[in-house]
Amino acid sequence: MTHDQSAEQLLELASLAGAEAASVFQSQSQSQPIFFEANRLKQLESIQTGGTALRLWRDGRPGLAVAHGPVEPEKLVERAIALSRLNEPETIELTATSINKHYPNLGETVGVEQLIEWGREAIALVRQDYPDILCSAEWDCEIESTRLVNSLGLDSGYRDTTLSGYLETEWVRGDDFLSISDGQTQRGVLDPALIAERILKRLNWAKENIAPPVGRVPILFTGKAADMLWGTVAAALNGKQVLEGASPWSDRLRTPVMSPLLTVYQAPEEGPFSCPFDDEGVQTRPIVFIEDGILQLFYTDLTTGRVLGSGTTGNGFKAGLNSYPTPGLFNLLVKPGKGTLQDLIQNLDRGLIIDQMLGGGAGISGEFSINVDLGYRIERGEIVGRVKNTMVSGNVYTALKHVLQVGEDADWNGSFCTPSLIVEGLFVTGRSLF
């Protein structure tokens with residue numbers, strides 16, 4: 001049975017089984033990743049995943065059942081009803097109507113040959129300057145489709161295509177091992193030359209190893225490394241964390257929470273992680289969460305929005321088919337400032353660039369202590385070498401209140417579009433090389 005047919009049948013069978021409300025969420029994904037190892041094409045894969053999640057309420061009690069692959073409607077309904085008996089009654093949360101039922105397909109499909117060509121080009125460009133380097137890479141074209149139907153007449157769907165290219169280089173110099181990686185995610189076309197150029201720039205910076213600057217020094221996070229900061233911000237803006245009192249910003253609406261140089265927002269129509277509606281069928285919308293450092297809004301799903309009294313922001317997303325919707329982000333953008341990465345470097349008399357780090361993020365507490373995987377020392381506005389055996393510790397919230405400069409070089413790193421930025425208030429410790 002096709003997905004389209006099974007969705008309507010599931011709703012009908014759920015109603016016959018006594019459910020007063022139901023929704024069906026269907027997701028399919030198809031990708032053809034190609035892998036390079038040790039500078040050579042290693043393997044091609046073809047991956048298809050898909051599934052159907054039935055969520056229903058009977059006597060107000062919720063039940064969720066999931067089928068991966070072909071759907072047997074009667075069994076799925078039986079399972080959801082059986083599970084509902086184990087749960088307490090709750091408020092039924094369903095979206096009634098949809099303004100635009102099915103959205104235009106986004107992105108362009110790219111063939112395996114083109115992906116291979118891009119991979120080879122990126123590797124050749126790096127090895128032209130550094131023939132001893134070993135490169136591994138992954139290039140992919142993923143097509144995803146989503147459909148959501150419910151018993152209130154909602155029927156929404158969209159399909160998008162995302163291209164991704166990732167290149168990792170390994171440079172072994174005696175006892176010294178250096179790994180540098182970079183990548184790109186786009187809708188239409190990838191730029192292997194740009195990925196190679198970024199890696200070459202960092203390889204050139206890393207020719208000399210040097211002791212790190214220690215103590216409280218300004219830190220320049222590249223857009224790639226700044227992910228750690230924005231991961232904490234995303235957690236603090238989550239309505240569920242606010243509800244539970246876990247967010248330090250729970251009672252800070254309309255007050256400054258970070259530097260006035262920072263504006264943080266979501267944009268449903270921008271970039272490779274654009275999204276027309278959430279997993280509850282609510283249209284997504286542009287939202288400025290923090291404007292000029294002042295907290296404006298938290299993001300919510302239907303349940304969290306109702307309890308907080310703010311209503312949903314259209315940010316109810318499932319972590320997987322087996323989970324209920326919870327507040328989530330599809331993208332997060334930081335408004336660019338002024339100055340290229342080179343300008344930011346020249347503005348520092350002494351400091352540390354962090355480009356890659358080891359270990360997890362800071363979490364909602366904001367406290368962190370991380371090993372610098374790839375970092376560079378700045379003296380008098382110039383990079384003088386790569387640092388090793390270096391740790392940086394501090395608090396994300398404190399650092400974001402002490403921002404010296406925000407760059408204009410915003411780029412996508414995962415679903416965050418962030419520029420480089422210079423922050424104060426962090427502590428650097430390191431071991432001398434000599």
Side-chain angles (χ1 to χ4, degrees), residues 29-49 109-143 161-186 188-210 222-225 227-228 272 341 353-360 370-376 383 385-390 411-414 433:
S29 164
Q30 181 182 342
S31 69
Q32 289 188 301
I34 62 152
F35 300 90
F36 288 84
E37 261 180 44
N39 309 323
R40 290 188 176 83
L41 181 63
K42 171 86 180 199
Q43 70 187 81
L44 315 175
E45 284 185 8
S46 184
I47 303 165
Q48 280 192 318
T49 58
T109 307
V110 166
V112 169
E113 295 77 13
Q114 179 65 75
L115 294 172
I116 292 171
E117 193 179 312
W118 282 336
R120 285 189 169 135
E121 183 185 340
I123 290 169
L125 285 167
V126 170
R127 297 193 70 233
Q128 196 172 296
D129 289 8
Y130 291 87
D132 297 338
I133 272 182
L134 287 177
C135 299
S136 53
E138 182 180 346
W139 298 72
D140 195 6
C141 174
E142 184 175 20
I143 304 162
T161 304
T162 312
L163 302 175
S164 59
Y166 173 81
L167 180 64
E168 184 173 359
T169 59
E170 292 178 1
W171 192 13
V172 181
R173 300 173 289 184
D175 295 338
D176 187 25
F177 176 80
L178 173 65
S179 174
I180 300 178
S181 58
D182 212 309
Q184 195 180 49
T185 309
Q186 296 287 345
V189 67
L190 294 172
D191 187 347
L194 179 65
I195 296 173
E197 182 191 317
R198 286 181 191 154
I199 286 178
L200 285 168
K201 182 185 285 183
R202 284 154 175 79
L203 285 166
N204 292 336
W205 289 344
K207 282 180 177 171
E208 299 291 328
N209 288 334
I210 194 164
T222 63
K224 187 169 64 165
D227 270 16
M228 183 194 73
L341 179 59
I353 296 178
I354 300 182
D355 192 47
Q356 292 169 194
M357 56 190 80
L358 295 171
I370 49 135
N371 285 299
V372 178
D373 182 36
L374 185 60
Y376 306 95
I383 291 174
R386 170 196 170 211
V387 302
K388 295 175 70 178
N389 307 317
T390 305
D411 197 10
W412 290 98
N413 296 284
L433 297 171

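One-based numbering along the sequence shown.
To the nearest 0.5 Å, the span separating OH on Tyr376 from CD1 on Ile383 amounts to 7.5 Å. Between Phe35 atom CZ and Asp140 atom CG the span is 7.5 Å, to the nearest 0.5 Å.
Lys42 places no side-chain N or O within 3.5 Å of a backbone atom of Ser136 that could act as its donor or acceptor partner. Gln184 places a side-chain N or O within donor-acceptor distance of the main-chain N or O of Asp191, the cut-off being under 3.5 Å. With hydrogens and angles ignored, the 3.5 Å screen pairs a side-chain donor or acceptor of Thr169 with a backbone N or O of Ile180. Side-chain N or O atoms of Arg173 include one that pairs as donor or acceptor with a backbone N or O of Lys207 at under 3.5 Å. Although no hydrogens or angles enter the test, the distance criterion places a donor-acceptor pair under 3.5 Å between the side chain of Asn413 and the main chain of Asp411.
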### Task
Decide salt bridge (Lys or Arg N to Asp or Glu O under 4.0 Å) for Lys201 and Asp182; before the verdict, give the C-alpha distance in whole Å, the side-chain angles of both, and the deciding distance to 0.1 Å.
CA-CA 11 Å; Lys201 182 185 285 183; Asp182 212 309; over 6 Å; no
### Task
Mind running side chain to side chain contact (heavy atoms under 4.5 Å, CB included) on Asn204 and Asp129 for me, showing each step along the way?
CA-CA 10 Å; Asn204 292 336; Asp129 289 8; 5.7 Å; no
### Residues Ile354, Thr390; criterion side chain to side chain contact (heavy atoms under 4.5 Å, CB included); working and verdict
CA-CA 10 Å; Ile354 300 182; Thr390 305; over 6 Å; no
### Task
Give the C-alpha distance, both sets of side-chain angles, the deciding distance and a yes or no for side chain to side chain contact (heavy atoms under 4.5 Å, CB included) between Gln356 and Ser181.
CA-CA 9 Å; Gln356 292 169 194; Ser181 58; 3.5 Å; yes
### Task
Given side chain to side chain contact (heavy atoms under 4.5 Å, CB included), test Leu200 with Tyr130 step by step and report yes or no.
CA-CA 9 Å; Leu200 285 168; Tyr130 291 87; 3.7 Å; yes
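Surrounding CD of Glu45 are more than 12 heavy atoms belonging to other residues, nucleotides or ligands, all under 6.0 Å away.
No side-chain heavy atom of Val172 sits under 4.5 Å from any side-chain heavy atom of Leu134. Looking at Leu167 and Cys135, their side chains come closer than 4.5 Å, going by heavy atoms from C-beta outward.
Relative orientation of the Trp139 and Trp118 rings is tilted, given thresholds of 30° and 60° on the angle between their planes.
Checking Arg198, Arg202, Arg386 one by one against Asp355, the salt bridge (charged side-chain N to carboxylate O under 4.0 Å, His left out) holds for a single residue, Arg202.
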